[in-house]
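Order of listing sets the numbers, starting from 1, for every ligand and every atom in it.
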Amino acid sequence: MVKTMHFEPRSPTIASRLPEVGTTVFSVMSALAQQHGAVNLGQGFPDFDCSPLLVDHVHAAMREGLNQYPPMPGVAPLREAIAAKVARLYGRNYHPDTEVTVTAGATQGILTAVLALVHPGDEVVVLDPCYDSYVPAIHLAGATAVRVPVNAQTQRPDFAAVAGAMGPRTRAIIVNTPHNPSGIVWTAQEREQLADLLRPTDVLLLSDEVYEHMVFDGRHHISASGHPELAARSVVLSSFGKTFHVTGWKVGYVVAPAPLMAEFRKVHQFNVFTVNTPMQHGLARFIADAIQADGLSAFYQRKRDLFRSGLAGSRFKLLPCEGSYFQCVEYDAISDMPDDDFCRWLTTEVGVAAIPLSAFHANRPRTPLIRFCFAKKDETLSAALERLARL
Ligand SMILES: Cc1ncc(COP(=O)(O)O)c(C=O)c1O
């Protein structure tokens, strides 16, 4: 007789690669907003649709059978369109064959760039507050994130503090303009200050410019690609999701000098290999229709002004909003709650969801600051303002 042995199935215990990461506050607030029927000005995405023409182009590409793997760095017409746009707006010529790669959104671009260029034991400087994917990307590369707070009063980069944080192990610095969450847009002088700082070093620059087409009051986007010295050491990232109101498509791009791009692509090809084909053709054709993003700043500036004027009579104090689609406000005239509690209260009791600024910081400072997203239909903004204006 054969004896059968019985073993309990056992799930191995694993040490987390990202022990500090949990459910993000963005998901928490969106779920809470849905549960309480609140107007969701928390998570940063438009609640209106993209151009039907863009959808038609993607549809046509699918119908034409453009549904198989594209070339690893992206389809040629889209890479050419990206290179032409960067040359037109910022004056640098990136070669579409060797210096432009289409990515699955800027988030993949950031992770891929960090994994490709940062080594275990390196340090990477980030400006606090920052987009929440930077630090986990650095940790996955086995490196250390050195978080340098922005000036607390102005929310602008503090270059003396950045200089103090840089040392022999610094491999890269990640910057973001227009900035999420603060809405600050770098000036040409600030870009120059960064160039001065990096000049005597071999530090790489990762420049996150996903809100490049949303700059207000006559400002210009200050791209690292427009500064020859910085561009020579930079990976510049952008996102079609932000520019064409298609955040769910997750298509973005990266431009960098050929030697940096060669390393980027080594990781990209085993990370995603390619980005979906019909979306790439659709975007290329949409751009070829001469539909540029030039009108986007005016489009969002009007929404910003609508939102700001609606809050003007409330006790919220409006911080400057120079670009992006985020408006930060101070609420200490309304409540002394910590910002995450205040956001929960705002969602459940007032019916408007927002994001606490502490979520973007390492040490979660208890400042009375929250972020609203105004990339919403006018009626959505009006519904939110009706509730907020009473406060
Ligand atoms: C500063 C910043 N960088 C990158 C991204 C991600 O862009 P994508 O959706 O293309 O991955 C976001 C999205 O919120 C962002 O705010």
Side-chain angles (χ1 to χ4, degrees), residues 24-27 29-30 40-47 50 54 74 78 82 100-115 124 126-138 145 147 150 155 157 172-186 205-215 221-224 234-255 264 268 271-272 275-276 279-280 283 293 296 300 321-328 353-357 359-361 371-376:
T24 70
V25 69
F26 306 96
S27 312
M29 284 301 162
S30 284
N40 192 355
L41 303 190
Q43 221 168 353
F45 61 87
D47 72 342
C50 64
L54 178 54
L78 187 56
I82 293 164
V100 180
T101 300
V102 179
T103 58
T107 312
Q108 183 242 311
I110 293 160
L111 178 62
T112 302
V114 172
L115 290 178
V124 179
V126 299
L127 305 189
D128 220 20
C130 63
Y131 179 57
D132 62 348
S133 85
Y134 300 166
V135 171
I138 295 164
R147 303 185 72 141
V150 297
Q155 303 287 317
I173 174 167
I174 307 181
V175 303
N176 167 221
T177 178
H179 188 254
N180 173 17
S182 72
I184 288 296
V185 172
W186 279 39
L205 173 62
L206 270 55
S207 188
D208 178 346
E209 306 183 5
V210 299
Y211 301 104
E212 63 179 319
H213 299 295
M214 303 167 202
V215 285
H221 170 58
I222 300 299
S223 176
S234 292
V235 173
V236 179
L237 305 111
S238 193
S239 169
F240 291 114
K242 307 291 179 188
T243 302
F244 293 133
H245 317 311
V246 286
T247 57
W249 290 11
K250 296 299 291 184
V251 186
Y253 66 84
V254 167
V255 293
F264 180 93
H268 178 79
N271 184 194
V272 287
V275 174
N276 74 75
M279 300 306 196
Q280 290 196 56
L283 285 161
L296 200 65
Y300 275 121
C321 172
E322 302 174 342
S324 81
Y325 47 48
F326 301 113
Q327 173 66 58
C328 291
I355 300 292
L357 264 238
F360 298 87
H361 287 268
R371 186 200 81 177
F372 291 113
C373 171
F374 56 79
K376 306 293 167 187

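- Near ligand 1, Gly105, Ala106, Thr107, Tyr131, Asn176, Asn180, Asp208, Val210, Tyr211, Ser239, Lys242, Lys250 each place a heavy atom less than 4.0 angstrom from the ligand.
- Considering only residues two or more places apart in sequence or on other chains, His268 meets the ring pair (Phe, Tyr, Trp, His ring centres under 6.0 Å) condition with Phe264.
- Side-chain atoms of Val215 and Pro178, non-hydrogen and from C-beta on, do get closer than 4.5 Å to each other.
- Trp249 and Asn276 get closest at one heavy-atom pair: O-ND2, 4.3 Å.
- Tyr300 and His245 have perpendicular rings, their planes meeting at more than 60° on a 0 to 90° scale where under 30° would count as parallel.
- Proximity of Val255 to Ile82: side-chain heavy atoms (C-beta onward) are separated by under 4.5 Å at one or more points.
- Side-chain contact between His179 and Pro129 is present, with heavy atoms from C-beta onward closer than 4.5 Å.
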